[in-house]
Chemist: 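For reference, the structure I am asking about is given below.
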Amino acid sequence: MKKIRLPIGNLSTVAIGNPHAVQAIEKLINALSKDNILCIYGPCGVGKTHLIELTKVALLESGVLENEIVHIDAEEWVGRMVAALKSNRMDEFKVEFDAARYVIIEDVQYYFYKSRSQEEFLQFVKRAKRLNINIIVTLSSNPLEQCDTAAINEHLISRLCSGILIPLMGPVGDIKKKFIVGYAKEKSLRLNELILNCICCNTNDNYFELLGVLNTIDFYHSIGNGVDITISDLRVLFPNWCF
């Protein structure tokens, strides 16, 4: 059978800059890994959600049915669990997750300081191993570095770390330049090397911030009747930058 690859399209630099994450996800999709849990971690803006969306597309292309994938963020999971507890319908709450082939839960740090939510999630992780359910979670930080035992149960940390831990990096170096060049091409922006380097040097390694800067430049460009962006324009738009 042909191996499934992640569809690298828009925002491809997220995947290009994090090859280990892509490889781990593809192994899970192609059932080449015995580990049933993949933990992708990194701060806001490094592309965790984008990789999750690429993963869902790849799963569907591999033949996994849409109803065999459960994709939910931890906040919604907690809300639904609390509602199930109040209505005495916990068995119904568990059915959807136990029947899936892939369960994707984003922002697992939302479970922090919620002992009952952590216990329910831990029990699900144990069942998932027995039921051959693959779990992919995203987290804002490395669970191995979580020292606050009041925030998260040590048994849950052990379970999260029992599979594959993958850190994500934001746009840095050539990856950031490729992202900017790709955006400029899509928006028909002409950015010379001086402008490109200026943007790179004055933005953090965060796709959200970088996208905000580029959207601002694009808007300024659109109301300027197509005039090329200059250093003087950047001084107006971002007076606190270093030039």
Side-chain angles (χ1 to χ4, degrees), residues 2-27 29 38 40-62 71 73 104 106-107 136 138-142 166-243:
K2 182 181 178 181
K3 291 183 179 179
I4 301 300
R5 301 297 184 192
L6 261 64
I8 307 302
N10 293 335
L11 278 177
S12 62
T13 45
V14 176
I16 293 170
N18 294 277
H20 296 303
V22 172
Q23 291 166 11
I25 292 169
E26 289 177 345
K27 281 183 66 177
I29 293 172
L38 174 64
I40 301 172
Y41 67 89
C44 179
V46 296
K48 298 187 295 296
T49 295
H50 173 67
L51 276 182
I52 291 300
E53 293 300 330
L54 288 180
T55 300
K56 286 178 63 180
V57 172
L59 286 171
L60 293 171
E61 289 182 349
S62 74
H71 180 198
D73 65 66
I104 303 169
E106 296 194 64
D107 297 322
I136 302 175
T138 67
L139 193 67
S140 60
S141 61
N142 187 342
I166 298 292
L168 284 198
M169 291 180 60
V172 296
D174 289 341
I175 300 301
K176 182 184 287 190
K177 282 192 175 183
K178 287 180 181 179
F179 183 91
I180 298 170
V181 169
Y183 180 99
K185 183 178 180 180
E186 181 180 340
K187 298 289 187 176
S188 299
L189 285 173
R190 287 188 293 182
L191 305 178
N192 61 38
E193 193 67 19
L194 180 61
I195 298 295
L196 181 61
N197 289 332
C198 186
I199 295 171
C200 285
C201 293
N202 284 283
T203 51
N204 293 326
D205 304 332
N206 181 304
Y207 282 105
F208 288 152
E209 178 183 330
L210 185 54
L211 193 57
V213 165
L214 294 174
N215 284 339
T216 300
I217 293 173
D218 180 50
F219 176 75
Y220 188 88
H221 178 266
S222 69
I223 62 176
N225 298 318
V227 178
D228 288 350
I229 295 295
T230 66
I231 286 293
S232 296
D233 295 326
L234 293 186
R235 290 182 187 277
V236 172
L237 292 171
F238 312 105
N240 294 324
W241 278 15
C242 295
F243 296 94

Chemist: Donor-acceptor check, side chain of Asn206 to backbone of Gly170, threshold 3.5 angstrom: yes or no?
Modeler: no

Chemist: For the residue pair Gly45 and Phe208, what are the closest heavy atoms and their distance?
Modeler: CA-CD1, 3.7 Å

Chemist: I need the minimum non-hydrogen distance between Tyr207 and Gly47, along with the two atoms involved.
Modeler: CD1-N, 4.1 Å

Chemist: Enter the distance from Ile104:CD1 to Thr49:OG1 here, rounded to the nearest 0.5 Å.
Modeler: 10.5 Å

Chemist: Classify the ring geometry between Phe238 and Trp241 as parallel (under 30°), tilted (30 to 60°) or perpendicular (over 60°).
Modeler: parallel

Chemist: Between atom CG of Asp228 and atom NE2 of His221, what is the distance when rounded to the nearest 0.5 Å?
Modeler: 6.0 Å

Chemist: Once you round to the nearest 0.5 Å, how far does CZ of Arg235 lie from CG of Asn240?
Modeler: 12.5 Å

Chemist: So does Tyr41 get a backbone contact from the side chain of Thr138, meaning a donor-acceptor N/O pair under 3.5 Å?
Modeler: no

Chemist: For residues Glu209 and Asn202, report the shortest heavy-atom separation together with the two atoms involved.
Modeler: OE2-O, 4.3 Å

Chemist: Apply the side chain to side chain contact (heavy atoms under 4.5 Å, CB included) test between Ser232 and each candidate in Val236, Leu234, Thr230; give the one that qualifies.
Modeler: Thr230

Chemist: Tell me, please, which residues at least two apart from Asp205 pass salt bridge (charged side-chain N to carboxylate O under 4.0 Å, His left out).
Modeler: Lys176

Chemist: Under the 3.5 angstrom rule, does the side chain of Asp218 hit a backbone N or O of Leu214 as a donor-acceptor pair?
Modeler: no

Chemist: Going from CG on Leu237 to CD1 on Ile217, what distance comes out if it is rounded to the nearest 0.5 angstrom?
Modeler: 6.5 Å

Chemist: Roughly how far, to the nearest 0.5 Å, is CG of Leu191 from CD1 of Ile180?
Modeler: 8.0 Å

Chemist: Closest heavy-atom contact between Glu106 and Ile52?
Modeler: OE2-CG2, 4.2 Å

Chemist: Would you name the heavy atoms of Ser62 and Leu59 that are closest together and state the gap between them?
Modeler: OG-O, 2.6 Å

Chemist: Going through the checks in order, is the side-chain contact (heavy atoms from CB on, under 4.5 Å) test met by Ile231 and Ile195?
Modeler: CA-CA 7 Å; Ile231 286 293; Ile195 298 295; 3.8 Å; yes

Chemist: Please report the interatomic distance CG(Leu210) to CZ(Phe179), rounded to the nearest 0.5 Å.
Modeler: 5.0 Å

Chemist: Has Lys177 got a side-chain atom pairing as donor or acceptor with Asn197's backbone, closer than 3.5 angstrom?
Modeler: no

